[in-house]
Amino acid sequence: MGIDQRGTTTAPLQEEIDELRRKISLLEGDQKAYLENSESVINQNKAAIAQMRAENKQLRAELAKKLAGDATVISNAFETIGKKQPPSFRGMSGRAAVSKFDQQLCERIKQFNSFQHETRHREKALSDLEDELQQMISDAEEVKAKDVGESADAQQLRQLENQLDKTMIKSNEATHIRKTYEGSEERF
């Protein structure tokens, strides 16, 4: 043990310095281990990122290939029915195109059914109007025939009027004859 100028011992100080050096050495070792571990994790992450990028690139290529295949199938389908492929079907998957085509087909069928219903309704209205026209023509012919006197009712009416006229004439004659007899009877 040594004594320094103030009269304190240097041994405990030396021990503290040694202790602090050991702690610093341990901290440096821990820091080096942490640094190595961090570098290892970074390298692993970089490898995982590179692998994921490669997988992503491969999946994009497969998707583009499938979409191109779907586009070919859709284009061929429209060519088969003799129509040009609408722009709205470009870039669609096969299922999406079939779904959209089904939807459009259902809308067209619905529209066709609506037109068919409206046509039937208008045909019925036209038929009713034609029936009404025929009835009006028939009624007009009847009225015209009555005016001319050709219908059966008009002929019967004319016969009854003639019979009434004859009966009236006979009645008037009988009344005239009776009055004449009564006048003659009064004179005699």
Considering only NZ, NE, NH1 and NH2 on the basic side and carboxylate oxygens on the acidic side, decide whether Asp128 and Lys124 come within less than 4.0 Å. yes
In terms of side-chain geometry, is the basic nitrogen of Glu19 or Arg22 positioned less than 4.0 Å from the acidic oxygen of its partner? yes
How long is the span from the [atom1] atom in [X] to the [atom2] atom in [Y], to the nearest 0.5 Å?
{"X": "Glu15", "Y": "Ile17", "atom1": "CD", "atom2": "CD1", "answer": "10.5 Å"}
{"X": "Glu16", "Y": "Asp18", "atom1": "CD", "atom2": "CG", "answer": "10.5 Å"}
{"X": "Gln163", "Y": "Arg158", "atom1": "CD", "atom2": "CZ", "answer": "13.0 Å"}
{"X": "Lys23", "Y": "Ser25", "atom1": "NZ", "atom2": "OG", "answer": "13.0 Å"}
{"X": "Glu130", "Y": "Ile137", "atom1": "CD", "atom2": "CD1", "answer": "10.5 Å"}
{"X": "Leu160", "Y": "Asp165", "atom1": "CG", "atom2": "CG", "answer": "11.0 Å"}

Using only atom types and a distance under 3.5 Å, with no angle test, would you say the side chain of Thr175 pairs donor to acceptor with the backbone of Ser171? yes
Checking Ser114 side chain against Lys110 main chain: does a donor-acceptor pair fall under 3.5 Å? no
Check whether any side-chain heavy atom of Glu107 sits under 4.5 Å from a side-chain heavy atom of Gln103, and report yes or no. yes
Side chain to side chain, Asn56 and Met52, heavy atoms closer than 4.5 Å: no
Looking only at side-chain N and O atoms, does Gln135 offer a donor or acceptor that is under 3.5 Å from a partner on Asp139? yes
Under the side chain to side chain donor-acceptor pair (under 3.5 Å) rule, what pairs show up with a residue in residues 31-42, not counting sequence neighbours? none
